[in-house]
A.B. asks: 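Just passing along the structure, written as structure tokens.
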Amino acid sequence: MKYSEYKQPLNYADVGTDILNWWQENGIFEKSVSTREGQPTFVFYEGPPSANGAPGIHHVMARTVKDIFCRYQTLLGKQVSRKGGWDTHGLPIELQVEKELGITKEDIGKKISIAEYNQRCRETVMRFKAQWDDLTQKMGYWVDLDDPYITFEPEYIESCWALLKKLYDKGLLYKGYTIQPYSPAAGTGLSSHELNQPGTYRDVKDTTIVAQFKVKRDETSEKLFAAPVWERQGTDSQTDVFILAWTTTPWTLAANTGLAVGKNISYVVVRTINPYTKEYIRVVLAKARVKSYFSEFTEIGKSIPSTYSDWGSETKQIPWEIEAEFTGADLVGINYERLFGQSKGFPAFEGEEKGFRVVAGDFVTTEDGTGIVHISPTFGADDFRVAQLNDIPALLVTDAEGKPTPIVDRTGRYVPQMGEFGGRLVKNYDGHDETGTDYKTLDESIAIRMKGDGTAFKVEKYEHTYPHCWRTDKPVLYYPLDSWFIKTTAVKDRLIELNKTINWKPESTGSGRFGNWLENLVDWNLSRSRYWGTPLPIWRSQDGSEEICIGSIAQLSAEIDKAVAAEIMTHNPLTAGGQIDLHRPYVDDIFLVSPTGQAMYRETDLIDVWFDSGAMPYAQWHYPLENEAKFQKNFPADFIAEGVDQTRGWFFTLHALGVMLEDSVAFKNVIANGLVLAKDGQKMSKRLGNAVDPFATIQQFGPDATRWYLIANAPPWDNLKFDPAGVTEVQRRFFGTLFNTYSFFALYANLDDFRTREFDRIPLTDLSELDRWVLSKLQSLILEVRGHYDSYDPTKAARAIQDFVTDQLSNWYVRLSRRRFWKGELTTDKKAAFETLQECLVVVAQLMAPIAPFFGEWLYKNMTDGMRQEALANNTPLAPESVHLTLLVEANTSRIDTALEERMELAQRISSLTHSLRKKSVLKVRQPLQRILVPVLNDTTRDQVGMVEDLICAEVNVKHVEFLDDTSGVLVKSVKPNFKRLGQQYGPKLKVVAARIQQMTPEEISTLESTGTLVVEIGGEQLNLAPDDVEIRTDDLPGWLVATDGPLTVALDVTLTDELRREGVARELVNRLQNLRKDSGLEVQDKIRITLGGEQPDLAAAVQFFGDYIRTETQALSLTFNPELTGGVTLEFDDYSVPAQLEVVTA
RNA sequence: GGGCUAGUAGCUCAGGUGGUUAGAGCGCGACACUGAUAAUGUCGAGGUCCGUGGUUCGAGUCCACGCUGGCCCA
């Protein structure tokens, strides 16, 4: 069987579709899994995409990364099953449905039933599934699409419930609250989506207060008091110290339980007086904020005398002086007194001991206020978070039913216990008249009280923006609302510990972005007040005293039966037949009965969709309800890959659930890939019209060039600027070259009917230098590429393959070996050339297959289909019909010959230098020259170059390489300091030493060389130089044109003898005749007769001397002169013009 | 505002542990080569290695502070 030959240029998109069809017809993907049955597994988790939008080019990127390592591991012989999956719940789908129906969340349950609404979501979420499946196949992403997990299916939800119950039973699921935007006037929470409506943020003028928090004097705070005792009037070491904090919501001050400072911010203690009470005080605030509160005209000791004694007068500006300075870190841990304590007529507070403390907060700035932030955990999200992190309690009071409650109720009023302010609205939520002259807002009343108490340092009106409810136009309250949490903080240390065992690519995402996130972990808020998602499986009695967490459909059914018996339900809908749907509203219509006979209602929350996806290692197998063994075998994952934006999404939920449920990582290796941007670095978007269509790209360039470009151009974790021109380049430079190399092989292999026998190869020792060299390079390549794949660095793998194919294989091995392929009969040397190239191409096909699966397959099949029968019969490595079913070749390190690789590099560099010399002398390569001269300073170089002399001579068309050594007496040596060595030895003196070395005379150089040491005097000091201290080189040959490359120097002898000229003419003639053959449409193997005309003595001489050569090269049986020749073609070269005629000899 | 990340030729990117002349491909200009030929080679132009300060005999590389872009979070 012949090797297939293709016409130029190859259509890569067709290669893609042809191979894809062949895969499908022959079930290659299935075989790639089934043939590995019983082998070690490589576990991969597919992060489920959502099919509610069309896939983009970035999906091709992300999925290429996934595909590469699954294919690679398969090549290593492992079994890699890849179950596909779909993420189907969540807000984006709800919003899409609402947009299409023209409704809002308000309308759900009114204009449209929850059942209808959820049905729409179910239909919408899979709308683009067909497109996704199509792309998956066309891009060559191998994943099982026939049996995917789908997060809205009852089994999947049931698994989530079972997992939630496990957490519940471990005490890791609890009801608490989070601070959310809330509208007291509407009596409802607001989503961030609602808060982002236009017009919600408005300028308002509020009363603001800089409050004074009195520092408790103890060990921690003593340093604040320790400033020098002032002998001046008014203050001494006993004067109280207050921390100043500014707020635009004074009503929250009564709920203050903490103060936050910036760790790296500078703070000062200022002695001054309270402007309202005129008491002597000391205050703490950020150094950068001092001038906002104190006038430069009243600074004691500077603008006013240090003996200033009129403190407490009626001046508006207060005197002040800085006593001491601290950093925020110094202040952390200081305790202070509660602002509105029991002694002032306010309710008792249990957490008194733990709260009222200074903590560090990363959100603290010195942009405004005092650089110290007042924390009220019940009324601010930041406050809540920092309080949780630092174990600061929220200020709660006991309500009439004995339950803890915030100091503001759901209607926006202070609770009755709040002393003189009890019952007052914190903002005007009922629209009452505010215009009366005596009217005071709550904030104003509080300010008045504080001025009297001496706890207000400054009170002023201030205009700022504040969010308002889009329906009631009233200011939003940040208010604690019920939420269900997973207590991730309980396993925080374990999460951190196990994270350190995960191999993150890039490493910084794991240690930085993810690691920091874990360090600052708060409990996972599971609750979502929505409709389309996994319902929380918790039923509670009205008073919250009894509850049950359901872990399976069976359990739910059993509980319903109890409820039916207790006449709370009329019948059991789960046993009524038909499809079970665990979504709302159906689960909401289920009521259960508690052990004491109370009715229990489902908590109406849905759970965070990230729980769905984080649960996939379990729920994809319907574990823990079944498939225990399957789960165990597939947990944890060896490898996952998703976008870096998943760090706090899927990566986190996988990890958190893995640690909490299995005390294990959920994945061992992870690639967090970056974004795919438009070529100008802009984000791709439909709006800007710069989005790249993945289908069009694959259609135009084929899937392989697209994948190769995405991987080779930048490491996956860097952002990629997608430029189609780059794909073209990959196609041309890499795939084009590889295709050319194959075509070259196929052309001549077919002519000679060459056949490889896998175990009957010419032994390595009989191969030429060049063959052994490229095979050595090939082994090095295998080692390198395997290493890169093993360490999850596909970019380096791709680049290594690319460099080998273009630079080593094509541009050196094939270019230099061409004659061997086309000359004469199928000799041993020719066979060796075929076998070598054959091996290189097959191995390249394997190595590239994970990245370019279609082309790798194409190349493999073209190279091996002809020997398949034989391979099958003997069960050789090439027996598999597909490259993706083969086992990746192992590097044979005994074939790596470093010395050979080194001397070949010398040959390449010397050739390159010679080319450049020819260029400078305007001597084309076709003109033979006598010699090149290479100065050598040691025998090693001479030996090395000697062994590749023939290659160099052939490549640059010279007769021989001549070495020049010391004995020739023409070498001019120069010397360069070895800075690394000298620097270590002489340090600061290096400059003078180096200068001296550069001035070394030839005599000194030869002394150093012959005796191994040289004594020089520098600045009156005797220094011993060793040969290693300098680098000796010869970069000049007087009288010769030389070229240098590092330590290598080459001179070209440009003398032209008559014989060389004649040979040059002969070669020109051969060249023109070859062109003529080709232009005449002759086949490579056709024999010809040549007749030349004209009368040119030089030409005749050339033909006379080199007739044999010309005949051999042009496959001419005869070469004759006929001065009378007419017709034919005229060959033009140099100064010649030769009529010529070719005649094909029919066999 | 915080965390992470990037900034090197017109463009896309390489540049272990610091070593004095910073590389490649593409693009551009010139010239060659020609039985792989819509391929290939050689030469050339092109650099404030984001900036400023520091450490060092020596910084693209290490440190500090900034600037600009990106992602995530607030």
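Every chain is numbered from 1 and lettered A, B, ... according to where its sequence line falls, protein lines coming before strand lines. Only heavy atoms go into these numbers, but all of them, side chains included; no hydrogens, no water, no symmetry mates. The shown structure was predicted, so the numbers you read here are calculated from the model rather than taken from an experiment.
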A.B. asks: Taking B:U5 as the reference, what is the distance to B:A45 when you measure between their C1' atoms (whole Å, please)?
C.D. replies: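 That atom pair is separated by 34 Å.
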A.B. asks: In whole Å, measure the gap between the C1' atoms of B:G46 and B:G23 for me.
C.D. replies: 14 Å
A.B. asks: Quick one: does A:Thr737 reach the base of B:A36 with a side-chain donor-acceptor pair under 3.5 Å?
C.D. replies: no
A.B. asks: Side chain of A:Asn713 only, please: which of B:C13, B:U42, B:A36 is the nearest?
C.D. replies: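 Closest nucleotide among those given: B:C13.
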A.B. asks: Could you work out which one of B:A36, B:C72, B:U42 sits closest to the side chain of A:Ser916?
C.D. replies: B:U42
A.B. asks: Partner of B:C71 by Watson-Crick or G-U wobble geometry, both contacts under 3.5 Å, or none?
C.D. replies: B:G3
A.B. asks: Taking the same atom, P, in B:C13 and in B:U8, what whole-Å distance lies between them?
C.D. replies: 9 Å
A.B. asks: Closest approach to the side chain of A:Arg818, judged atom by atom: which nucleotide of B:C26, B:C72, B:U37 is it?
C.D. replies: B:U37
A.B. asks: Using atom C1' of each nucleotide, how far apart are B:C11 and B:C28 to the nearest Å?
C.D. replies: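 Their C1' atoms lie roughly 12 Å apart.
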A.B. asks: Between A:Phe804 (CZ) and B:A24 (P), how many Å, whole number?
C.D. replies: 22 Å
A.B. asks: Map A:Tyr813 and A:Glu955 onto RNA chain B by nearest heavy atom, then report which one ends up closer to the 5' terminus.
C.D. replies: A:Tyr813
A.B. asks: Tell me whether the rings of A:Phe514 and A:Trp504 are parallel (<30°), tilted (30 to 60°) or perpendicular (>60°).
C.D. replies: tilted
A.B. asks: Atom CZ of A:Arg1111 and atom CD1 of A:Ile1088: how far apart are they, to the nearest 0.5 Å?
C.D. replies: 11.5 Å
A.B. asks: Name the nucleic acid region contacted by A:Thr509, choosing base, sugar-phosphate or nothing; use a 4.0 angstrom heavy-atom cut-off, strictly under.
C.D. replies: nothing
A.B. asks: In whole angstroms, how far is the C1' atom of B:C33 from the CZ atom of A:Arg815?
C.D. replies: 10 Å
A.B. asks: Whole Å only: how far is the CG atom of A:Asp803 from the P atom of B:C13?
C.D. replies: 16 Å
A.B. asks: For the residue pair A:Phe754 and A:Phe745, categorise the inter-ring angle as parallel (less than 30°), tilted (30 to 60°) or perpendicular (more than 60°).
C.D. replies: perpendicular
A.B. asks: In Watson-Crick or G-U wobble terms, both distances under 3.5 Å, what is the partner of B:C11?
C.D. replies: B:G25
A.B. asks: Go nucleotide by nucleotide along RNA chain B from the 5' end; which of A:Asn719 and A:Asn516 gets its closest nucleotide reached first?
C.D. replies: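 The 5'-side residue here is A:Asn516.
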A.B. asks: When you look at A:Tyr478 and A:Gln180, which way does the side chain to side chain contact (heavy atoms under 4.5 Å, CB included) test go after all the steps?
C.D. replies: CA-CA 5 Å; A:Tyr478 286 89; A:Gln180 294 168 35; over 6 Å; no
A.B. asks: Nearest to the side chain of A:Arg732 - B:C72, B:A14, B:C26?
C.D. replies: B:C26
A.B. asks: Grab the NZ-C1' distance between A:Lys796 and B:A14 for me, whole Å please.
C.D. replies: 9 Å
A.B. asks: Using a heavy-atom cut-off of under 4.0 Å over every strand shown, decide if A:Asp382 touches base, sugar-phosphate, or nothing.
C.D. replies: sugar-phosphate
A.B. asks: Under 4.0 Å between a side-chain N/O of A:Ser508 and OP1 or OP2 of B:U5, yes or no?
C.D. replies: yes
A.B. asks: Determine whether the aromatic ring centres of A:Tyr748 and A:Phe834 lie less than 6.0 Å apart.
C.D. replies: no
A.B. asks: Taking atom P in both B:G7 and B:U12, compute the distance separating them and give it to the nearest angstrom.
C.D. replies: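 So the two P atoms sit 12 Å from each other.
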A.B. asks: Please confirm whether the backbone N or O of A:Arg1067 pairs with a side-chain atom of A:Asn1071, one donor and one acceptor, at under 3.5 Å?
C.D. replies: no
A.B. asks: CZ of A:Phe651 versus P of B:C4: gap in Å, rounded?
C.D. replies: 18 Å
A.B. asks: Paired with B:A64 by Watson-Crick or G-U wobble geometry, both distances under 3.5 Å: which nucleotide is it?
C.D. replies: B:U52
A.B. asks: Determine the interatomic distance between C1' on B:G15 and the same-named atom on B:A6; round to the nearest Å.
C.D. replies: 16 Å
A.B. asks: Under 4.0 Å from OP1 or OP2 of B:C26: is there any side-chain N or O of A:Arg733 that close?
C.D. replies: yes
A.B. asks: Classify the nucleic acid contact of A:Ser743 as base, sugar-phosphate or nothing, counting any heavy atom under 4.0 Å across all strands shown.
C.D. replies: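 It contacts nothing in the nucleic acid.
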A.B. asks: Select base, sugar-phosphate, or nothing to describe what A:Gln1074 touches, counting heavy atoms under 4.0 Å on all strands.
C.D. replies: base
A.B. asks: So for atom NZ, which belongs to A:Lys796, do other residues, nucleotides or ligands contribute more than 12 heavy atoms lying within a distance under 6.0 Å?
C.D. replies: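 Atom NZ in A:Lys796 is not packed in, count stays at 12 or less.
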A.B. asks: How close or far is atom C1' of B:U37 from atom CG of A:Asn1071, stated in whole angstroms?
C.D. replies: 13 Å
A.B. asks: Hey, does A:Tyr748 reach any base, or is it just sugar-phosphate, or nothing, if we go heavy atoms under 4.0 Å?
C.D. replies: sugar-phosphate
A.B. asks: Would you kindly check whether a donor in the side chain of A:Arg513 faces an acceptor in the base of B:C73, or vice versa, at under 3.5 angstrom?
C.D. replies: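 Donor-acceptor pair under 3.5 Å: no.
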A.B. asks: Rounded to the nearest angstrom, tell me the gap between atom CH2 in A:Trp610 and atom P in B:C72.
C.D. replies: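 That distance rounds to 11 Å.
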A.B. asks: Taking the side chain of A:Asp718 as its heavy atoms from C-beta onward, which of B:A14, B:C72, B:G41 lies nearest to it?
C.D. replies: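 The closest nucleotide is B:A14.
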A.B. asks: Whole-Å distance between B:G70 P and A:Leu675 CG?
C.D. replies: 11 Å
A.B. asks: Give me the distance, rounded to whole Å, that separates B:G69 from B:G54 when you measure between the C1' atoms they each carry.
C.D. replies: 26 Å
A.B. asks: For atom C1', what is the distance between B:G58 and B:G18, given to the nearest Å?
C.D. replies: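 Going atom to atom, C1' in each nucleotide, I get 8 Å.
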A.B. asks: For A:Arg385, which contact category applies under a 4.0 Å heavy-atom criterion: base, sugar-phosphate, or nothing?
C.D. replies: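 If one applies the 4.0 Å heavy-atom cut-off, A:Arg385 turns out to touch nothing in the nucleic acid.
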A.B. asks: Atom CH2 of A:Trp517 and atom OG1 of A:Thr509: how far apart are they, to the nearest 0.5 Å?
C.D. replies: 15.0 Å
A.B. asks: Counting Watson-Crick and G-U wobble pairs only, both distances under 3.5 Å, name the nucleotide matched with B:G18, or none.
C.D. replies: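 Partner of B:G18: none found under 3.5 Å.
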A.B. asks: Name the pairing partner of B:A30, where a pair is Watson-Crick or G-U wobble with both distances under 3.5 Å, or state none.
C.D. replies: B:U42
